[in-house]
Asker: 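Structure in structure tokens, see below.
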There are 2 protein chains.
Amino acid sequence: MTNKETTSPLRHAQGANMEQQILQCAEELFLEKGFSLVSTTDIAKKAGCNQALVHYYFRTKENLFQQIFQAKFTKFLYIFTTFDDSDEPFTTRLRKKMEAHFDLLIENRQIPFMIINELILNEKRRNNLVKNIYNNNLDIYRNFDRELQEEIKKGNIRPISTLDLLINIVSMNIIIFILLPVLESQFNFDNEEITELLRLRKHEAVETIMCSLRPEKK
Amino acid sequence: MTNKETTSPLRHAQGANMEQQILQCAEELFLEKGFSLVSTTDIAKKAGCNQALVHYYFRTKENLFQQIFQAKFTKFLYIFTTFDDSDEPFTTRLRKKMEAHFDLLIENRQIPFMIINELILNEKRRNNLVKNIYNNNLDIYRNFDRELQEEIKKGNIRPISTLDLLINIVSMNIIIFILLPVLESQFNFDNEEITELLRLRKHEAVETIMCSLRPEKK
DNA sequence: AATTTATTTAATAGACTTATTAAATAGGGT
DNA sequence: ACCCTATTTAATAAGTCTATTAAATAAATT
């Protein structure tokens, strides 16, 4: 913790804005390169302050990263809870969830890489997050599980385990954001082209999942 | 290049084995942690030699990494060329390709992470590899494209772009290897359980793709 | 105006990095 | 016995990194 809580308005010229400035710049850099390839010097340079100030506000680089990572990860999962109060059919709601999840990724394109990177490389963060998911999303998972398996019993959906389906969905939604740097390298897309590419890919990802869930023909 | 080509048998106690030893240890470490989190000191320690020796044989850390990465990446793509001489139906061959690809990943579980990591973080390597893919796999791609679009015309397969299908396949095949560390954190699997998990997941990945390709019911 | 408190900086400790150097070592060929 | 050449090491240059320190600065409070 910084000693920021007891602080009121700005003191210095830039004042307490600098803390936010550092946080923001750190976020951009961490999203782009991951924890270990960003130095506190990089962050300070981008934020326009002395390197020691980064440590003054956040004490350690790890601290700073945790805050950012935790927030992004929570956002990444939160989306799955949406549309549950609607009375539309299960598959319609599932489609909407997927689309909302994809749209969130469009706004935060580097999240998948950041999460993959840190989940694989850092055991401590991995364990923390697994605990976090387990504690905060168990109910959501159970509801989803119940609904899905009911639909399968009714014959509306091909038999599939709940975990497999969730993995499939995440997989189909994140892959394009992993491949985006490669495609950009190859084809020199401009912004409009990328937007269009993502629009098409979103459609394809959703379609693939929905098609894969169709029950067998008799 | 090292000055190794003109060398004949072993001179020293361990002799020329040490070059292989270094390469092997570097491979394991790079696969586990990626380029930037492994130091030449780490490699030397693991290989049981002086740190300078790593540079003696491979001059730079970049050199050493390139060799390993290139080999892994080639292997990762090569699998897609298999079964093309068989006269089985397209979908059967496609299924076999996917299974072979998944089996390769089972034997090299860290490849997906390594590739993702370096493709996103290192623009130079990304560009090299894109060129590499483009030059060496264009014919394979065109063949696959032609066959797929023919099958779609015949109504045997739901309409889908070739690139989308390839992305779907890679996506479904690699995701479990990305998530494996997370699942291991959560459930403390032993080796047998992981083998079983991968067997099930392989089936599900293939099934999802094949189901997603079924044409619409009339 | 003087004091307190918060913000910011320069300087630096201490540990790590890659890569290069020159020197040591050990076998093969003559 | 000697030299040659490949292998291996110790030492080190030059740079990075995180984190801490004490000092400087500026605003708020008295």
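All values below come from the heavy atoms of this structure, side chains included, with hydrogens, waters and symmetry mates left out. Residue numbering restarts at 1 for every chain, and letters A, B, ... go by the order of the sequence lines.
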Asker: Is B/Glu196 paired with B/Arg199 through a side-chain N to carboxylate O contact shorter than 4.0 Å?
Answerer: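 Looking at B/Arg199 and B/Glu196, the cut-off is met.
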Asker: According to a strict under-4.0 Å criterion, is B/Tyr56 in side-chain N/O contact with OP1 or OP2 of D/dT8?
Answerer: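 Result: no.
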Asker: To the nearest Å, how far apart are B/Lys33 NZ and C/dC16 C1'?
Answerer: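 Those two atoms, NZ and C1', are 15 Å apart.
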Asker: To the nearest angstrom, how far is B/Leu53 atom CG from C/dT20 atom C1'?
Answerer: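 Rounding to the nearest Å, CG of B/Leu53 and C1' of C/dT20 are 14 Å apart.
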Asker: Classify B/Val38 by what it touches in the nucleic acid, base, sugar-phosphate, or nothing, heavy-atom distance under 4.0 Å.
Answerer: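 Contact class for B/Val38: sugar-phosphate only.
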Asker: Taking the six-membered ring of B/Phe73 as reference, does the NZ or CZ atom of B/Arg125 fall below 6.0 Å from its centre and within a 45° cone about the axis?
Answerer: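 Ring-cation test returns no.
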Asker: A/Ile43 has an atom CD1; how far is it from atom C1' of D/dA19, in whole Å?
Answerer: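 Rounded to the whole Å, the gap is 13 Å.
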Asker: Nearest of C/dA19, C/dT17, D/dT18 to any side-chain atom of B/Asp42?
Answerer: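 Nearest to the side-chain atoms of B/Asp42, counting from C-beta on, is C/dT17.
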Asker: Run the side chain to side chain contact (heavy atoms under 4.5 Å, CB included) check on B/Ile194 and B/Arg109 step by step: do they pass?
Answerer: CA-CA 12 Å; B/Ile194 290 179; B/Arg109 296 178 193 184; 3.5 Å; yes
Asker: Could you give me the CA-CA distance, side-chain angles and deciding distance for A/Glu123 and B/Ser185, then say whether side chain to side chain donor-acceptor pair (under 3.5 Å) is met?
Answerer: CA-CA 8 Å; A/Glu123 187 170 1; B/Ser185 273; 5.2 Å; no
Asker: Over how many whole Å does the gap from B/Phe58 atom CZ to D/dT7 atom P extend?
Answerer: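 Roughly 12 Å, once rounded to whole Å.
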Asker: Can you check the A/Ile22 CD1 to D/dA19 P distance for me, whole Å?
Answerer: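 Distance check: A/Ile22 CD1 to D/dA19 P gives 14 Å.
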Asker: Just wondering, do B/Phe113 and B/Leu31 contact through their side chains at under 4.5 Å, heavy atoms?
Answerer: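 The answer is no; the side chains never approach within 4.5 Å.
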Asker: Under 3.5 Å, which donor-acceptor pairs do the side chains of residues 169-182 of chain A form with other protein atoms, sequence neighbours left out?
Answerer:
unit_1	atom_1	unit_2	atom_2	d
A/Ser171	OG	B/Ser171	O	3.1
A/Ser171	OG	B/Ser171	OG	2.6
A/Asn173	ND2	A/Met98	O	3.2
A/Asn173	ND2	A/His101	ND1	3.0

Asker: Can you tell me the distance, in whole Å, between the CG atom of B/Asn17 and the P atom of C/dG27?
Answerer: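 About 13 Å, once rounded to whole Å.
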Asker: If I take atom NE2 in residue B/His55 and atom C1' in nucleotide D/dT9, what distance separates them, rounded to the nearest angstrom?
Answerer: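 Roughly 14 Å, once rounded to whole Å.
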Asker: Check nucleotides 11-15 of chain C for protein N or O atoms closer than 3.5 Å to its own N or O atoms and list the pairs.
Answerer:
none

Asker: Output the rounded distance in Å from CD (B/Gln20) to P (D/dT8).
Answerer: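 Computing the B/Gln20:CD to D/dT8:P distance gives 13 Å.
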Asker: Flag the pair B/Arg95 and B/Glu207 as a salt bridge only when some basic side-chain nitrogen lies within less than 4.0 angstrom of an acidic carboxylate oxygen.
Answerer: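 Here B/Arg95 pairs with B/Glu207 in a salt bridge, since their nearest N and O are under 4.0 Å apart.
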